[in-house]
Amino acid sequence: MPELPEVETVRRTLAPLVVGRMIVGARFGVFAGVVGTLTPDEFTARITGQRIEAVGRRAKYLFLALENGAFLMVHLRMTGQLVVADRHDSVLRFEHLAIELTEGRDLRFADQRKFGRVLLATAAEVAALNHRLGPEPLAPAFSAGALGQLLTRRPGRLKSVLLDQRVVAGLGNIYVDEALFRARLHPERAATGLTPHEVRRLHHALRTSLRQGIANRGTTFSSFHDAAGDAGGNQHHLLVYGRGRAGLPCVRCHRPLVRSVVGGRGTSSCPRCQRIEGEPSPPG
DNA sequence: TGTTATGTTGCCAT
DNA sequence: TATGGCAACATAAC
């Protein structure tokens, strides 16, 4: 679930709940590997006493800036959740870490599949990660021309290239499928073969899909919740994602959507509106 | 009850 | 070096 709009939704709900509060301790569940290679004691010792100064996002990463210049770098992967709760609230299902804050609050990290991580990172490590990632698709500098330049250098299928975080950062399976449908582009088109007009359509579609996701506070299928524990609403506004398997009708041409596998990822698309060759036909 | 799919990404082989 | 497949894990649905 957590792609750029979901992570941004967590950031927005988390920030007012933790910024300005100080870390006073930490508790661990059975999976201590959630913090990487540090032992629970090391992790706890290094963050205790630090005030949380800001909550930032880059791609699908969240960064909690600590006053000593270090960062707590969080990646939710598939099923990670970051929730603020009261100290005495019951342990969450799949809870691996509780960072204890002032005023009796906890920042809890839960993750059914144990892929997510809460890592303590230096500013240099954060800068290195930032350097490895492609541009933020909602940043003002991310123009259609910039997208076109990135795509011309990337062989491979369009969907796979868009999912590569080094090309554009923050896109995932949901929003790529949504954007490709909006742009009427087949996911298996060669990324280098788009016309300038198609690149402009894709650029607009990406930003529209992401902005809609944020406006709806993220897409919740099962596990995604914001830092206050609330589900998102964007699942009610998806055009194609998850709809190909059942062959639900295309909202544009009303013919059945199809499911395929592209780059190992389940993919929903409209075989009529998203053609591999040439311009798609008008609806009807 | 076994098989398959799931929002991500890093590793390994080619 | 770039790309594609798969594993990491737990669960739900078929």
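Proteins get letters first, then strands, A, B, ... in listed order; numbering begins at 1 in each.
- In this structure, A:K60 atom NZ and B:dG10 atom C1' are separated by 13 Å, rounded to whole Å.
- Atom C1' of nucleotide B:dT8 and atom CD of A:E3 are separated by 9 Å, given to the nearest angstrom.
- A continuous path of ILVMFWY side-chain contacts below 4.5 Å connects A:V168 to A:I214, so both sit in one hydrophobic cluster.
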Check the pair A:R189 / A:E198 against salt bridge (charged side-chain N to carboxylate O under 4.0 Å, His left out), numbers first and verdict last. CA-CA 11 Å; A:R189 280 280 298 273; A:E198 288 172 330; 2.7 Å; yes
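- The span of DNA chain C lying next to chain A, judged by atoms under 4.0 Å from heavy atoms, is bounded 5' to 3' by C:dT3 to C:dT11.
- Backbone-only engagement by A:G266 is indicated by non-hydrogen atom pairs under 4.0 Å involving sugar-phosphate atoms exclusively.
- Between A:L119 atom CG and B:dG10 atom P there is a gap of 11 Å when expressed in whole angstrom units.
- Comparing the C1' positions of B:dT4 and C:dC6 gives a spacing of 15 Å, expressed to the nearest Å.
- Between A:H96 and A:F109, the ring-plane angle classifies as tilted under the 30° and 60° cut-offs.
- C:dA7 and B:dT3 have their P atoms separated by 15 Å, given to the nearest Å.
- If you take CG of A:L76 and P of B:dT9, they are 10 Å apart, rounded to a whole angstrom.
- The ring of A:H75 has its center no closer than 6.0 angstrom to the ring center of A:F115.
- For the side chain to side chain contact (heavy atoms under 4.5 Å, CB included) criterion with A:R108, the lone passing option out of A:L97, A:L92, A:I99 is A:L92.
- Here, B:dC12 and C:dC9 have their P atoms 15 Å apart, quoted to the whole Å.
- Between the P atom of B:dT8 and the CD1 atom of A:I174 lies a distance of 7 Å, rounded to the nearest Å.
- Mapped onto DNA chain B by nearest heavy atom, A:Q165 and A:R113 fall at different nucleotides, with A:R113 at the one closer to the 5' end.
- Residue A:R154 is in sugar-phosphate contact alone, with no base atom involved, counting any heavy-atom pair closer than 4.0 Å across all strands shown.
- Between A:F63 and A:F71, the ring planes are perpendicular. Angles over 60° get that label, and only those under 30° would be called parallel.
- Atom-to-atom, CG of A:D164 to C1' of B:dT9 comes out at 10 Å; the value is rounded to the nearest Å.
- Cluster annotation: A:F28 and A:V118 are assigned to the same hydrophobic cluster (Ile/Leu/Val/Met/Phe/Trp/Tyr, side-chain heavy-atom contacts under 4.5 Å, transitive).
- Note on A:F31: nothing from the nucleic acid sits closer than 4.0 angstrom, heavy atoms only.
- As rounded to whole Å, 16 Å separates atom C1' of B:dT9 from atom CZ of A:R58.
- When only modelled atom types and interatomic distance are considered, A:Q81 and A:D111 share no side-chain donor-acceptor pair under 3.5 Å.
- The side chain of A:H75 places no N or O atom within less than 4.0 Å of a non-bridging phosphate oxygen (OP1 or OP2) of B:dT8.
- Residue A:R93 is classed as a sugar-phosphate contact, given heavy-atom separations below 4.0 Å to backbone atoms only.
- Nucleotide C:dT11 has B:dA5 as its partner under the Watson-Crick or G-U criteria, with both atom distances under 3.5 Å.
- Nucleic acid contact class of A:R259 (heavy atoms, under 4.0 Å, all strands): sugar-phosphate only.
- Rounded to a whole Å, the CZ atom of A:R245 is 6 Å from the P atom of B:dA5.
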